[in-house]
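Only this structure's heavy atoms are used, side chains among them; waters, hydrogens and symmetry mates stay out. Chain letters run A, B, ... following the sequence lines, proteins first, then strands; residues in each count from 1.
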Amino acid sequence: MIPGAFDYHRPKTVDEAVGLLSSLGDDATVVAGGHSLIPMMKLRMAVPEHLVDLQDLDDLKGISVSGTAVTLGAMVTQNELIASNALAQACPIIRETALQIADPQIRYVGTVGGNVANGDPGNDMPGLMLALDAAYELVGPDGTREVRARDFYDAAFFTARSDGEILTAIKISAPPAGHGWSYMKQKRKIGDYATAAAAVVLTMDGATCAIASIGLTNVADTALFAEAASAALTGSDLGDAAIAEAVAAAKAITNPAQDGRGPAEFRTHVCGMMVQRAVARAAERAA
Amino acid sequence: MAKIHVKMTVNGREVEGLAEPRTLLIHFLREDLGITGPHIGCDTSHCGACTVDLDGKSVKSCTVFVGQAEGADVTTIEGIAAADGTLHPLQEAFREHHGLQCGFCTPGMITRAHRLLQENPNPSDAEIRMGISGNLCRCTGYQNIVKAIRVAADEINSAREAAE
């Protein structure tokens, strides 16, 4: 499978990259790790005339952890997320999620920025970022702006990022020490997208759940923040009744496609199972 | 669409060439450089037969454009054995323990295992299985592949200890 022809650009700075996108217009596409884009190009479902490779933009490469303030450069790879002990300490669900993405070769190359910016409902990081209430930093010709993950996803492959903008960083305020977490993903095989997956983060105050937050992967046109399901847990004792209410609320907002992963009803059912298991696991881990 | 001039190091040798930007690294290796050890299996980044080492990372060279590898240090299966042709312990172990049947996946399997052992010199069987989970073999059922990698790890570790 041979992709369509294109011109290749490798800018050295963010300004240069943004300038290229402005001058080249709609026919240009940025590429980070390329493991979503290149397969699409090989199928000719994406036929950019210009490819702007971000790999030399060193400003997009670091992981910074300062207390609960976490900043991930867009070009940080899944493998680098997994390898960072500071990150695993502050916000361990990120490592747990990254480990469930694709396979080792793809994790060496695939980036967190590409994963969240692509807008594919099958990607795992958007659901996680919705649960963590992350913000994305976007740089374009008019400067820098931040968009909450919860305001970012419009439809499959349609996001708040405009064509002239580059997603440069992800900012997360990690839940407090002692929080519980779990990313549960049902997939057919390693390398597959989720049949359904759930990200759960919660903080306990004694026997009461003080804050809970749930994100869902690949059960609708976009990743979903399960607001009602989160609210069902918040203030509860995380008992069977509360969990059943959260599961029902999560399932109610799903609208999965029927595909090789199963009929829509099955994927909604699996989504409920993932929520139930992720809440149980997060509760076990919470201090 | 102008061709681009690319330079990289492949198996310790500096190479360069003119290529269309849409050229995938696997095609540059196989068709321009004649390095045919890395195979094209699925061509969709699933099977891992095209795995090469790129700047210390295992990558699927069917999903990397040649321009992205500009300036990189690339190792293929051809670069795993010693210069005098002595097989690497992984290659010996795959042969000794029947870690292949048809051999199509083997270059990618060994190149991947080579990087895995650099990062984790003494992996458990579970870690080996996770480590090669991006490489598919349709013949062996993986049992002998895992065994070969474990034996090679032991071999490399014993040789290292003996040298110290």
> Is chain B contacted by the side chain of A:Leu51, its backbone, both, or neither, given a heavy-atom distance below 4.5 Å?
Replying inline: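 Only the side chain of A:Leu51 comes within 4.5 Å of chain B.
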> In terms of heavy-atom proximity below 4.5 Å to chain B, should A:Leu43 be classed as side chain, backbone, both, or neither?
Replying inline: neither
Atom of [X], atom of [Y] and distance for their closest heavy-atom approach:
X        : Y        : value
B:Gly134 : A:Pro104 : N-CD, 3.8 Å
B:His27  : A:Ile2   : CE1-CD1, 3.8 Å
B:Gln68  : A:Arg10  : O-NH2, 3.5 Å
A:Tyr8   : B:Gly67  : OH-O, 3.1 Å
A:Pro3   : B:Leu24  : CD-CD1, 4.4 Å

> Taking every heavy-atom pair that is under 4.5 Å apart, which of A:Gly4, A:Gly33, A:Gly191, A:Gly34 has the most such pairs with chain B?
Replying inline: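 Top count of heavy-atom pairs under 4.5 Å with chain B: A:Gly4.
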> Do any N or O atoms from the side chain of B:Arg22 and from the backbone of A:Met41 form a donor-acceptor pair under 3.5 angstrom?
Replying inline: no
> Donor-acceptor pair, B:Lys57 side chain versus A:Asn79 backbone, under 3.5 Å?
Replying inline: no
Is the number of heavy atoms from other residues, nucleotides or ligands within 6.0 Å of [atom1] ([X]) greater than 12?
X        : atom1 : value
A:Gln89  : CD    : no
A:Glu284 : CD    : yes
A:Arg44  : CZ    : yes
B:Lys147 : NZ    : no
B:Arg13  : CZ    : no
B:Glu127 : CD    : yes

Tell me which of these, [options], has more heavy-atom pairs under 4.5 Å with chain A than the rest.
options                     : answer
B:Arg112, B:Arg115, B:Glu20 : B:Arg112
B:Ser58, B:Gly48, B:Ala2    : B:Ser58
B:Ile4, B:Thr51, B:Thr44    : B:Thr51

> Just how far is it from atom NZ of B:Lys3 to atom CG of A:Asp7, taken to the nearest 0.5 Å?
Replying inline: 13.5 Å
>> Rounded at 0.5 Å granularity, tell me how far OH in A:Tyr108 sits from CG in B:Asp55.
In response: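 One gets 12.5 Å once the value is rounded to the nearest 0.5 Å.
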> For B:Ser133, is it the side chain, the backbone, both or neither that has a heavy atom under 4.5 Å from a heavy atom of chain A?
Replying inline: both
> Where do A:Ile38 and B:Lys60 land on the side chain to side chain contact (heavy atoms under 4.5 Å, CB included) test, with the steps shown first?
Replying inline: CA-CA 12 Å; A:Ile38 296 173; B:Lys60 296 183 175 179; over 6 Å; no
>> Pair A:Asp103, B:His46 - check side chain to side chain contact (heavy atoms under 4.5 Å, CB included), show working.
In response: CA-CA 9 Å; A:Asp103 64 41; B:His46 288 91; over 6 Å; no
> Does a side-chain heavy-atom distance below 4.5 Å link A:Gln105 with B:Asn135?
Replying inline: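 Yes. Closest side-chain heavy atoms under 4.5 Å.
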